[in-house]
Amino acid sequence: MFSLGYFLQQTMNGVILGCIYALLALGMTMVYGILRLINFAHGALITLGAFFTYFVLVRFGFPLVAAIFLVLGFGGLMGLVLDIVAYRKLRGGPEVALLITSLGFYTFIENFMKMVVSPQPYAFKAPSYLTTIFKTSFLTFRTIDIFVIGASVVIMWCFHLFIKKTKMGIAMRATAENLEVASIMGIEINRVISVAFVLGSALAAFTGFMWGAKYGQISYDMGFLTGVKAFVAVVIGGVGSIPGAMVGGFVLGLAEILSTAFLPTSFSEYRDGMVFAILILVLLIKPSGIMGVKEEVRV
Amino acid sequence: MWLLKIENLTVKYGVIPAVRNVSLEVQEGQIVALLGANGAGKTTILKTIMGVTRPAEGNIYYQGTNINFFSPPQRVRLGITLVPEGRGIFNRLSVEENLFLGAYHRSDREGIEKDLSRVYSLFPRLQERKEQVAGTLSGGEQQMLALGRGLMSRPILMLLDEPSLGLAPLLVRELYAFITNIRQEGVTILLVEQNATMALKVCDYAYLLETGKVKVQGKADEVQSQEDVKKAYLGG
């Protein structure tokens, strides 16, 4: 039978994956809340962030703190560029145009990376201070595991403060609820949207880094499935809800790991399928998601 | 002195004109009423003044400047505030957050705090419920919140869209006392109403719209005494 240690170990793995999904879902739900856009380009930022840190941290040997700030800055900048170059011109147009553009951007980045880096996966050899192993009687973990959990908790807490307490955070919630009324309050909608893209993209790039350091392998197409799963987390948690995105991320991460860990091994091939089975299950039981609010249809 | 002047304004939704060749003036310090039935184009005019809707033709002047191409936030900074129809409050935000958003374009922290306590003294109910999510307020309280939020922007010109809609008669009377009060403090008001009787009691000048055009205009008592206005809008 499965031991307690095995259960705890797998739960920790689930929490770590949950952290990653939660951070991604956060950025996606923020953009979705305002623009009603399922931002597939979010996945591209994971790939870009992962390779960016690969070069900065592994190849050029920058210190960890510098690499973190660089990848956050790089992601944020990419988000801003994407918003200004691609999305801003489409504002006021049909929502599907935005969706297609985000898919297009993702496809472009994926193929660009395939050409520039390699169609082969890269081994992300994290510096030794991230891979030091600790053993206790129940759990075995590495520094990176602590880092992922710690960083995610800090980021989520900061994000919570930002959205609840700051002027921009309040403006962002107002814009998500009613764009027109927000603009007659004097809120510059374009600025709010840019901030959402910058923050979301910085988080996605940072997640790419964590993914690489944790799982040790990065590839030009790593962002696609991860991005889609993050969107599944958004839907499970309740579309447009920020606490929902975090809850959805954790539920999905835990479910994915635990279902693989406790089902017979022949099921482990269906790990990705599990994610979507959970999605279907949640949608059947509570279509608005775990913490979703009913939203009025926009005219 | 006019504060706001609209010249030959036409606004279209697609090809359908909602407002046709409307000209109007709002004098500084006055209450001007825009009256008319549903679909007469009243709300469209307010939205166009605010910059949310774009004019197909015509010009809007404010304090002597043509503001046709100004964005809504730019207009807010010039002192124009719209209290939207159906109150347009943010249901998922707290009462106090709603009020702070009214002062979004301002950065004078002390002034904002002062205005906040002023709004709370005008509407004590809002202070009692300041932490509450605005969606849980009653209709009357939501209206107070929308008005309070409008005041938080320190408006020069306040556009009120159907403020009495859905309010109990007693509250409507209170509301109109309030409107007269803020006018006395120097705020100019453009008031859109279906409730013509009430609006004509407080306004200085009125325009009556019918299917997008100005049908009658004049001082409040002149408009009130016109026979066809009486018949159509004042119940006899």
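Below, read A as the first sequence line, B as the second, and so on, with proteins coming before strands; counting in each chain starts at 1.
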Using a 6.0 Å distance limit plus a 45 degree cone around the ring axis, check whether A/Lys167 lies over the aromatic ring of B/Phe100. no
For B/Lys114, does the NZ atom have more than 12 heavy-atom neighbours from other residues, nucleotides or ligands under 6.0 Å away? no
Determine the option with the most heavy-atom pairs under 4.5 angstrom with chain A, choosing from B/Met50, B/Arg149, B/Lys47. B/Arg149
Taking all non-hydrogen atoms of both residues, which atom of B/Phe90 and which atom of A/Val181 are closest, and how far apart? CZ-CG1, 3.7 Å
Atom CD1 of B/Ile16: over 12 foreign heavy atoms under 6.0 Å: no
Hey, what do you get for CG (B/Leu101) to CZ (A/Arg173), rounding to the nearest 0.5 Å? 8.5 Å
Counting heavy atoms not belonging to A/Phe69, are there more than 12 under 6.0 Å from its CZ? no
Heavy-atom closest pair (B/Tyr104 atom, A/Ala171 atom, distance to 0.1 Å) is CE1-CB, 3.7 Å
If you measure from CD on A/Glu177 to CD1 on B/Ile89, what distance do you get to the nearest 0.5 Å? 8.0 Å
B/Glu185, CD atom: more than 12 neighbouring heavy atoms under 6.0 Å: yes
Using only non-hydrogen atoms and a strict under-4.5 angstrom cutoff, which residues of residues 182-197 of chain A touch chain B? A/Ala182, A/Ser183, A/Ile184, A/Met185, A/Gly186, A/Ile187, A/Glu188
Under 4.5 Å from any heavy atom of chain B - which part of A/Lys165: neither
Between B/Glu97, B/His105, B/Met152, which residue shows the highest count of heavy-atom pairs closer than 4.5 Å to chain A? B/Glu97
